[in-house]
Amino acid sequence: MPARPEPSGLGELMVAAASREIRDGELVFVGMRLPMLAFVVAKRTHAPGAIGLYENGIIRETPAAELLYTMADPPNLLGATFCGQMLDVMGLLQQGRVDVGFLGAAEVDRFGNLNTTWGHREGKITRLPGSGGACDIACLSRRTVVLLEHDRKRLVERVAHITSPGFGSGDGWRRAQGLPARSGPSAVITTMGVLRFTSDGEAFLASIHPGVRVEDVLSRTDWTLRVADDLTETSAPTAAELAVMREIDPDRFWTKQR
Amino acid sequence: MPARPEPSGLGELMVAAASREIRDGELVFVGMRLPMLAFVVAKRTHAPGAIGLYENGIIRETPAAELLYTMADPPNLLGATFCGQMLDVMGLLQQGRVDVGFLGAAEVDRFGNLNTTWGHREGKITRLPGSGGACDIACLSRRTVVLLEHDRKRLVERVAHITSPGFGSGDGWRRAQGLPARSGPSAVITTMGVLRFTSDGEAFLASIHPGVRVEDVLSRTDWTLRVADDLTETSAPTAAELAVMREIDPDRFWTKQR
Amino acid sequence: MQQAIAEHVPSGAMVLLGSQLEQMIPFSAGHELIRQGRRDLTLVGPISDILFDQMIGAGCVSRVMAAWVGNVSAGLGHCLRRAVEQNIPRAVQMVDYSNFTLALGLHAGAMGVPFMPTYSTMGSDLLKKNGNLREFPSPVNEEKLIAVRALRPDVAVIHAQRADAQGNTHLWGNLGVAVDGARASRKVIVVAEEIVAPEIISSDPNRTLIPGFLVSAVVHEPWGAHPSPVQGYYGRDHAYFSQYHEQSRKLEDFEAWLKRWVLGVADRRAYVEQLGACRSESLGVKEHAYSAPADFGF
Amino acid sequence: MQQAIAEHVPSGAMVLLGSQLEQMIPFSAGHELIRQGRRDLTLVGPISDILFDQMIGAGCVSRVMAAWVGNVSAGLGHCLRRAVEQNIPRAVQMVDYSNFTLALGLHAGAMGVPFMPTYSTMGSDLLKKNGNLREFPSPVNEEKLIAVRALRPDVAVIHAQRADAQGNTHLWGNLGVAVDGARASRKVIVVAEEIVAPEIISSDPNRTLIPGFLVSAVVHEPWGAHPSPVQGYYGRDHAYFSQYHEQSRKLEDFEAWLKRWVLGVADRRAYVEQLGACRSESLGVKEHAYSAPADFGF
């Protein structure tokens, strides 16, 4: 643990912000990529009692000892509490037991709907990897947290394709679809700030990252983004949070990317 | 293994007859009681390639080394090929993979329907143990073999309660209910003979046990039982079959009961 | 055990017992429910090898949702018959399932959906009489199917070989409906032959069939499943089952049996002492047969 | 492997690959399918960590039924993009699932029913565009549900740690959809790191996830899952995945990659030799971690 940690990067800020969305003792559906690191940070700082569920069939009470490139890397199986089938963990998700699930996305819209299937570049349709477990998590977990780069092409008025439903077209939409009452997007953590959602399902800017100006956030959002009256600044990663990240991911494989 | 086996009893005759309903290489859904012994006899005589499925979640390629009082006795788990959940074996059954299933019954009727739920004695309703897996096996296995005592109270014109469906009221009934095309009763092995079924689903006497007279079978059957033109005598247990039974069940726990 | 039963299983509760069929039946929990005088319980289980019969005879039960209730090696359950046929000691409502449909009801509960589809019970009177089985048209083809309504017991009591203090549970042998049963239930009580270090459990996460966060109480109760077997710990006491069959045939004999083996003993330790050392020795493991190791290293 | 693929996987077949997600991906089987020039395959799997991308790039595939296709640690699948966006080398039809709904389709196949019910995909465009997902009214209450149509692949290729000659297979670690996938499929090819005596398998029947009577062929193929990990045998070759990401970005680079690692090697042994001893050594198990034994004795 370095005495004077070097200044934290944006990736580290996002991982720290993501980790704070996990409350102690919660059941967490841990998604691919950055969230795997965020879960470890939460476990080793403020949420030692959190339990991680992985869509490939793993349940962990202890954080993995090494950096995970994928959720099926050997360090994530060794010392796991439970290893089983995908349906074992998806069943727990569908029962409504999962408190928070993490997702990445290519596009998110005004109502928190996600697209990770069909993109577009210079007017041409582009193929993205697809849902994975994202649609399931977005449908069935109580809270959903999304991480993505902040950019007009990614924060769009309306996604071209709903891979993972947010609040659809707004208030009451999820229930009308038949989705569980206690479910839906909770936060969108971008490279510029953190968006949260009003009771009618529309996203608003709740906090901005240090050194970011609100007008820049608005100009890089494809719709007229509402801003919270009590807009705060995203608090920087603590020394403890950075220490965990840099111990687990010394080469910044995940945190350098942004 | 005795040089001159003592004369075989009725129980041994029924177990031998039951074991011959198993063909080599077949998947067998092994029921409670006598069928557990019949499966071992088949495995160790004419059907070494048969595989046994047990509703509690066991699959065996090798016969259990000791007498089983229940299918979950420790000798049935030790050396099993597979131990898992009830749904694992029931799923294979519902897929139509099981060739033959064995059942006991309190009552069987003219069309092979079974009752193991509600009996009657001196006009009063009596409570029997219930289906267990019998209804599932009767619905879903390709062939079903029933074992019971031969008696007017047990071989009745029409069962009071269909716990496990046979051919219902006859030809076409199973399909009309929605049951699988290739399924239904194949043989009823009683203490007096073996009944089989015509294409229209009615039971007829196919063979009688040694020393039993046809008129006695008819008088102890509650309906006018048809008799096969080519009625045969149930062949007595072979020395090999008896040797297995008496090695596994020296005290005749299962074979003495009748 | 007293505390776990007192805290988590009130009268009127729907309780899953005997999820592994003839293996690892939680007799000690059932006997504690009798001693604590529970009433109006709904008992849920695929088959019951005499435990349900005992609890019915003791008057704890008003409803049974099961596929088979009796004495597997000896035959009928006499207390069940007295209760259903003569309301002695009290009337019991039977909700008759098949093994598969009961398992599917718990599977639906475990998967968080209102029902599971099947072809089983078609044409049977179980379908006609059990309101939790209902015919419906398949939404994807022209067939008809049976919907088995989800079962969500208030408490599942699962007997297992070993668990850690958090309730992470290793179970092996035939599993019956234990896995879905634990997940479908609102609370889970694990009764374990051994309490082990968490490292033992996490050394083989594929053998963890019940994660600790589903478990409300862990009870360390050696011999808690006697007379049923616990693979790797003790065998089935066949003689005890036959004796119970004889000693429950007449009502007064059953009452004597109940006093001797349940009401007259304070807890499982006293029960085991009464059973006697030579009886338990004869049931103990004669030849160990350990599983080949699986390597979780990297 | 040549023989198993030649006998059991014709062009046009529907093939399940990658059932354990990022663990134990049957790369050697996929590469043999490429070498034998299969065409018009339908690939089925929850997520695919570059194997589907390679087979699509090689022109073996006309349809993909999956939840995610790409490179898990590096990002997009370049061959998938070329195929879907520009029909290079040929058009590929995408049938988009979520992980859960794909797993439920295989579960329905394994359970022998035409569909499984779920709440997932409600409100999504997966539901609108995938004909195997259909809304229907619950037969037991007032809710609406989604029916996931049963999937019955022609062949499932499952990579596992060990199996006996009859195909009784021990599998551990995260299981993904392997168990239902094997049962739902008409044929199963097991690719095992080790072939062991039947006594090893039956020493732990709870670890037997595929009974031998479901298995059409057992292939002994050490390192058959590289660059994906096999718990207890070798780790994930992260660098290989990154290299593939770079070397598949341009079409001509991919073709060179394909010649070097698939078409240019006769079989898995040659592939491993090309990989080099120090590479495989660096991926080997450094510290064994054996499961605590379970006693099946009595």
Side-chain angles (χ1 to χ4, degrees), chain B residues 32-33 54-58 68-80 83-88 90-91 93-94 113 115-118 124-140 159-166 168 173-174 176-180 183 253, chain C residues 20-24 46-47 49 66-73 75-77 80-81 83-85 94 96-104 107 118-126 128-129 135 143-146 172-180 228-229 231-232 235-236 238 241 285 289:
Chain B
M32 290 177 167
R33 310 172 69 88
Y54 301 81
E55 60 200 358
N56 57 6
I58 297 171
L68 302 178
Y69 295 81
T70 83
M71 60 182 69
D73 287 0
N76 208 35
L77 278 63
L78 178 65
C83 280
Q85 304 182 46
M86 179 183 286
L87 285 186
D88 293 323
M90 288 294 183
L93 175 66
Q94 189 164 244
N113 305 298
N115 176 18
T116 53
T117 306
W118 295 106
K124 283 216 223 65
I125 296 289
T126 63
R127 176 67 202 194
L128 306 171
S131 162
C135 178
D136 308 310
I137 296 167
C139 287
L140 302 172
V159 289
H161 177 280
I162 298 182
T163 305
S164 307
W173 182 89
R174 285 183 70 92
Q177 304 306 309
L179 289 165
S183 67
F253 181 84
Chain C
Q20 296 104 296
L21 290 81
E22 304 94 339
Q23 273 258 350
M24 300 186 238
I47 72 155
D49 200 2
W68 197 95
V69 179
N71 184 323
V72 174
S73 53
L76 292 162
L80 173 74
R81 287 197 54 187
V84 175
E85 297 170 18
M94 301 301 291
D96 288 311
Y97 282 85
S98 66
N99 273 335
F100 190 16
T101 49
L102 188 101
L104 286 170
H107 189 49
T118 182
Y119 295 103
S120 191
T121 72
M122 286 174 158
S124 75
D125 287 339
L126 301 182
K128 292 205 186 90
K129 296 179 182 177
E135 189 178 295
E143 298 179 325
K144 50 186 174 182
L145 289 161
I146 305 306
W172 60 90
N174 60 281
L175 306 175
V177 301
V179 174
D180 281 328
S228 69
Q231 199 77 14
R236 186 174 187 267
H238 305 300
F241 282 91
V285 175

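Below, chains carry the letters A, B, ... as their sequence lines are ordered, and counting in each starts from 1.
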Would you mind checking which part of [X] comes under 4.5 Å of any heavy atom in chain B, side chain (CB onward), backbone (N, CA, C, O), both or neither?
{"X": "Leu175(C)", "answer": "both"}
{"X": "Phe241(C)", "answer": "neither"}
{"X": "Met24(C)", "answer": "neither"}

Heavy-atom contact with chain C under 4.5 Å, split by part of [X]:
{"X": "Ala80(B)", "value": "neither"}
{"X": "Cys139(B)", "value": "side chain"}
{"X": "Leu128(B)", "value": "both"}
{"X": "Thr126(B)", "value": "both"}

Spatial distance of atom [atom1] ([X]) from atom [atom2] ([Y]) [nearest 0.5 Å]:
{"X": "Asn174(C)", "Y": "Asn56(B)", "atom1": "CG", "atom2": "CG", "result": "4.0 Å"}
{"X": "Leu21(C)", "Y": "Met71(B)", "atom1": "CG", "atom2": "CE", "result": "8.0 Å"}
{"X": "Ser73(C)", "Y": "Leu68(B)", "atom1": "OG", "atom2": "CG", "result": "11.5 Å"}

Minimum heavy-atom distance [X]-[Y], with the two atoms named:
{"X": "Asp180(C)", "Y": "Leu87(B)", "result": "OD2-CD1, 3.5 Å"}
{"X": "Cys135(B)", "Y": "Thr121(C)", "result": "SG-CA, 3.6 Å"}
{"X": "Glu22(C)", "Y": "Thr70(B)", "result": "CB-OG1, 3.5 Å"}
{"X": "Val72(C)", "Y": "Tyr69(B)", "result": "CG1-O, 4.3 Å"}
{"X": "Glu85(C)", "Y": "Arg127(B)", "result": "OE2-N, 2.7 Å"}
{"X": "Tyr119(C)", "Y": "Leu140(B)", "result": "CB-CD2, 3.9 Å"}

Subject >> Top of Leu145(C), Asp96(C), Ile47(C), Ile146(C) for chain B proximity - count of heavy-atom pairs under 4.5 angstrom >> reply: Asp96(C)
Subject >> Top contributor to chain C interface from Ser131(B), Pro75(B), Gly57(B) [non-hydrogen pairs under 4.5 Å] >> reply: Ser131(B)
Original post:
Hey, which of Gly130(B), Pro129(B), Ala72(B) has the most heavy atom pairs under 4.5 Å with chain C?
Top reply: Pro129(B)
Using a 3.5 Å distance criterion without hydrogens, assess whether the side chain of [X] forms a donor-acceptor pair with backbone atoms of [Y].
{"X": "Asp136(B)", "Y": "Phe100(C)", "value": "yes"}
{"X": "Glu143(C)", "Y": "Gly178(B)", "value": "no"}
{"X": "Gln177(B)", "Y": "Met122(C)", "value": "no"}

Subject >> Worked check of side chain to side chain contact (heavy atoms under 4.5 Å, CB included) between Asp73(B) and His238(C) >> reply: CA-CA 10 Å; Asp73(B) 287 0; His238(C) 305 300; 3.4 Å; yes
Subject >> Between Gln94(B) and Thr118(C): side-chain donor-acceptor atoms closer than 3.5 Å >> reply: yes
Would you say the side chain of [Y] lies within less than 4.5 Å of the side chain of [X], judging by non-hydrogen atoms?
{"X": "Lys128(C)", "Y": "Ile162(B)", "value": "no"}
{"X": "Met86(B)", "Y": "Val179(C)", "value": "no"}
{"X": "Met32(B)", "Y": "Trp68(C)", "value": "yes"}
{"X": "Ser124(C)", "Y": "His161(B)", "value": "no"}
{"X": "Leu77(B)", "Y": "Gln23(C)", "value": "yes"}

